[in-house]
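Data block below; observations after.
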Amino acid sequence: MRLLLDTHVFLWAVSDDKRLSGEARKRILDADEVFVSSASIWEASIKAGLGKLDVDVNLLIGEITKSGFSELPVRALHAVRLRDLPHIHRDPFDRLLIAQAMTEPLALVTHDPILAGYTDLVIVV
(Lines give C-alpha, C1' and ligand atoms only; values in the text may rest on other atoms or scores of the structure.)
Protein backbone atom coordinates (compact mmCIF):
# COMPACT_ATOMS: atom_id res chain seq x y z
CA MET A 1 0.00 0.00 0.00
CA ARG A 2 1.14 3.55 -0.78
CA LEU A 3 0.49 6.14 1.92
CA LEU A 4 0.38 9.91 2.16
CA LEU A 5 0.81 11.20 5.71
CA ASP A 6 -1.12 14.24 6.79
CA THR A 7 0.91 16.95 8.49
CA HIS A 8 0.15 15.92 12.08
CA VAL A 9 0.81 12.24 11.41
CA PHE A 10 4.15 13.12 9.78
CA LEU A 11 5.15 15.38 12.69
CA TRP A 12 4.14 12.71 15.21
CA ALA A 13 6.00 9.98 13.28
CA VAL A 14 9.32 11.85 13.11
CA SER A 15 9.16 13.01 16.73
CA ASP A 16 8.05 9.59 18.06
CA ASP A 17 5.03 11.32 19.61
CA LYS A 18 2.74 9.13 21.72
CA ARG A 19 -0.28 10.58 19.90
CA LEU A 20 0.67 8.42 16.90
CA SER A 21 -1.30 5.24 17.47
CA GLY A 22 0.13 1.76 17.23
CA GLU A 23 -2.15 1.16 14.25
CA ALA A 24 -0.70 4.18 12.44
CA ARG A 25 2.86 3.10 13.21
CA LYS A 26 2.16 -0.38 11.85
CA ARG A 27 0.58 0.96 8.67
CA ILE A 28 3.59 3.21 8.07
CA LEU A 29 6.07 0.39 8.67
CA ASP A 30 4.13 -2.05 6.47
CA ALA A 31 3.58 0.39 3.58
CA ASP A 32 5.26 -0.10 0.21
CA GLU A 33 5.86 3.65 -0.03
CA VAL A 34 5.21 6.56 2.32
CA PHE A 35 4.91 10.11 1.03
CA VAL A 36 4.98 13.51 2.71
CA SER A 37 3.51 16.36 0.73
CA SER A 38 5.47 19.53 0.16
CA ALA A 39 2.18 21.15 1.25
CA SER A 40 2.80 19.75 4.76
CA ILE A 41 6.17 21.48 4.88
CA TRP A 42 4.49 24.66 3.63
CA GLU A 43 1.86 24.37 6.38
CA ALA A 44 4.51 23.73 9.06
CA SER A 45 6.51 26.73 7.82
CA ILE A 46 3.52 29.03 8.09
CA LYS A 47 2.54 27.76 11.54
CA ALA A 48 6.15 27.98 12.78
CA GLY A 49 6.37 31.55 11.49
CA LEU A 50 3.18 32.46 13.35
CA GLY A 51 4.45 30.83 16.55
CA LYS A 52 1.72 28.15 16.46
CA LEU A 53 4.17 25.29 15.93
CA ASP A 54 7.55 24.78 17.54
CA VAL A 55 9.55 23.08 14.81
CA ASP A 56 12.74 23.69 12.84
CA VAL A 57 11.42 23.41 9.30
CA ASN A 58 14.90 22.91 7.84
CA LEU A 59 15.38 19.86 10.05
CA LEU A 60 11.87 18.71 9.20
CA ILE A 61 12.77 18.58 5.51
CA GLY A 62 15.68 16.28 6.33
CA GLU A 63 13.38 14.04 8.37
CA ILE A 64 11.46 13.12 5.22
CA THR A 65 14.43 11.25 3.75
CA LYS A 66 15.87 10.19 7.11
CA SER A 67 12.59 8.42 7.86
CA GLY A 68 12.60 6.62 4.53
CA PHE A 69 9.70 8.69 3.23
CA SER A 70 9.48 10.40 -0.16
CA GLU A 71 8.48 13.97 -0.85
CA LEU A 72 5.35 14.45 -2.93
CA PRO A 73 5.49 17.78 -4.74
CA VAL A 74 2.33 19.76 -5.38
CA ARG A 75 1.53 19.39 -9.08
CA ALA A 76 -0.84 21.28 -11.32
CA LEU A 77 -3.17 18.25 -11.48
CA HIS A 78 -3.46 18.32 -7.68
CA ALA A 79 -4.44 21.99 -7.76
CA VAL A 80 -7.05 21.39 -10.45
CA ARG A 81 -8.56 18.51 -8.45
CA LEU A 82 -9.27 20.99 -5.65
CA ARG A 83 -11.84 22.72 -7.83
CA ASP A 84 -14.16 19.71 -7.76
CA LEU A 85 -13.91 18.89 -4.06
CA PRO A 86 -16.99 19.54 -1.96
CA HIS A 87 -16.51 21.97 0.92
CA ILE A 88 -16.55 19.34 3.67
CA HIS A 89 -13.40 20.75 5.25
CA ARG A 90 -12.30 24.37 5.20
CA ASP A 91 -8.56 23.90 5.85
CA PRO A 92 -6.78 24.54 2.53
CA PHE A 93 -3.84 22.27 3.38
CA ASP A 94 -6.07 19.33 4.26
CA ARG A 95 -8.06 19.89 1.07
CA LEU A 96 -4.82 19.85 -0.94
CA LEU A 97 -3.73 16.60 0.73
CA ILE A 98 -7.10 15.07 -0.19
CA ALA A 99 -6.68 16.23 -3.79
CA GLN A 100 -3.20 14.72 -3.91
CA ALA A 101 -4.39 11.41 -2.44
CA MET A 102 -7.24 11.19 -4.94
CA THR A 103 -5.07 12.13 -7.92
CA GLU A 104 -2.12 9.82 -7.28
CA PRO A 105 -3.96 7.65 -5.78
CA LEU A 106 -2.62 7.25 -2.25
CA ALA A 107 -4.20 6.34 1.07
CA LEU A 108 -4.18 9.44 3.28
CA VAL A 109 -3.35 8.63 6.89
CA THR A 110 -4.88 11.25 9.18
CA HIS A 111 -6.18 11.83 12.66
CA ASP A 112 -9.01 14.05 11.35
CA PRO A 113 -12.25 12.06 10.90
CA ILE A 114 -13.85 14.87 8.87
CA LEU A 115 -11.53 14.05 5.95
CA ALA A 116 -13.09 10.60 5.61
CA GLY A 117 -16.12 12.34 4.12
CA TYR A 118 -14.18 12.92 0.90
CA THR A 119 -13.10 9.46 -0.14
CA ASP A 120 -12.54 5.90 1.02
CA LEU A 121 -8.82 6.57 0.47
CA VAL A 122 -8.73 8.23 3.91
CA ILE A 123 -7.50 6.12 6.83
CA VAL A 124 -8.36 7.68 10.18
CA VAL A 125 -5.98 6.61 12.95
Side-chain angles (χ1 to χ4, degrees):
M1 178 174 278
R2 299 171 65 226
L3 303 178
L4 174 60
L5 304 182
D6 88 351
T7 307
H8 281 97
V9 171
F10 169 58
L11 292 171
W12 295 342
V14 299
S15 66
D16 199 28
D17 193 299
K18 294 185 187 298
R19 289 176 284 186
L20 186 64
S21 69
E23 176 192 352
R25 290 176 199 280
K26 181 168 178 15
R27 285 183 182 271
I28 291 168
L29 288 172
D30 293 346
D32 297 318
E33 290 180 283
V34 178
F35 292 89
V36 175
S37 174
S38 56
S40 289
I41 303 302
W42 181 15
E43 179 180 19
S45 294
I46 289 171
K47 288 184 176 181
L50 293 172
K52 293 182 176 185
L53 182 63
D54 183 21
V55 67
D56 182 330
V57 182
N58 291 314
L59 291 177
L60 198 57
I61 293 168
E63 288 293 332
I64 295 172
T65 322
K66 183 178 172 187
S67 299
F69 305 153
S70 299
E71 181 183 348
L72 178 63
V74 175
R75 297 188 174 105
L77 287 174
H78 301 149
V80 169
R81 187 70 179 254
L82 281 168
R83 175 193 61 205
D84 300 324
L85 290 179
H87 291 280
I88 295 170
H89 204 293
R90 300 183 73 78
D91 184 289
F93 293 104
D94 286 338
R95 289 174 54 80
L96 183 52
L97 293 177
I98 286 291
Q100 286 183 298
M102 294 171 75
T103 302
E104 290 305 320
L106 300 165
L108 176 64
V109 181
T110 183
H111 189 65
D112 187 344
I114 296 172
L115 297 178
Y118 282 105
T119 174
D120 60 359
L121 291 171
V122 172
I123 299 170
V124 179
V125 292

Practice problem: Output the rest of the hydrophobic cluster of L11: all Ile, Leu, Val, Met, Phe, Trp and Tyr residues reachable through side-chain heavy-atom contacts under 4.5 Å, sorted by chain and number. | Solution: M1, L3, L5, V9, F10, W12, V14, L20, I28, V34, V36, I41, L53, V55, V57, L60, I61, I64, F69, V109, I123, V125

Practice problem: May I ask you to decide if P86's main-chain N or O and R95's side chain share a donor-acceptor pair within less than 3.5 Å? | Solution: yes

Practice problem: Supply the atom-to-atom distance R19 CZ to H8 NE2, rounded to the nearest 0.5 angstrom. | Solution: 7.0 Å

Quiz item: Does L106 reach the side chain of Q100, with side-chain heavy atoms less than 4.5 Å apart?
Solution: no

Self-check item: E43 side chain near L96 side chain, heavy-atom distance below 4.5 Å
Solution: no

Quiz item: Going from CD1 on I88 to CG on D94, what distance comes out if it is rounded to the nearest 0.5 angstrom?
Solution: 12.0 Å

Quiz item: Is the count of non-hydrogen atoms from other residues, nucleotides or ligands lying under 6.0 Å from D54 atom CG greater than 12?
Solution: no

Self-check item: Cluster check V80, L4: I/L/V/M/F/W/Y, side chain < 4.5 angstrom
Solution: no

Quiz item: Which distance, rounded to the nearest 0.5 Å, do you find between the CE of M102 and the CG of L82?
Solution: 10.5 Å

Quiz item: Considering only heavy atoms from C-beta outward, does the side chain of E104 approach that of L72 to under 4.5 Å?
Solution: yes

Quiz item: What residues form a salt bridge (charged side-chain N to carboxylate O under 4.0 Å, His left out) with E71, not counting sequence neighbours?
Solution: none

Quiz prompt | salt bridge (charged side-chain N to carboxylate O under 4.0 Å, His left out) assessment of K26 paired with E23 | solution = CA-CA 5 Å; K26 181 168 178 15; E23 176 192 352; over 6 Å; no

Quiz item: With a 4.5 Å limit on heavy-atom distance, are the side chains of F93 and S40 in contact?
Solution: no

Self-check item: side-chain contact (heavy atoms from CB on, under 4.5 Å) assessment of R25 paired with D16
Solution: CA-CA 10 Å; R25 290 176 199 280; D16 199 28; 3.0 Å; yes

Quiz prompt | Distance-minimising heavy-atom pair for S38 and P73 | solution = OG-CA, 3.5 Å

Exercise. Please say whether more than 12 non-hydrogen atoms of neighbouring residues, nucleotides or ligands are located less than 6.0 Å from NE2 in H89.
Key: yes

Quiz item: So, do V124 and L115 sit near enough that their side-chain heavy atoms are less than 4.5 Å apart?
Solution: no

Exercise. Taking all heavy atoms of V74 and all of S37, pick out the closest pair and write down the distance.
Key: CG2-OG, 4.3 Å

Quiz item: Taking only residues two or more places apart in sequence or in another chain, which ones pass side chain to side chain contact (heavy atoms under 4.5 Å, CB included) with T103?
Solution: L77, H78, R81

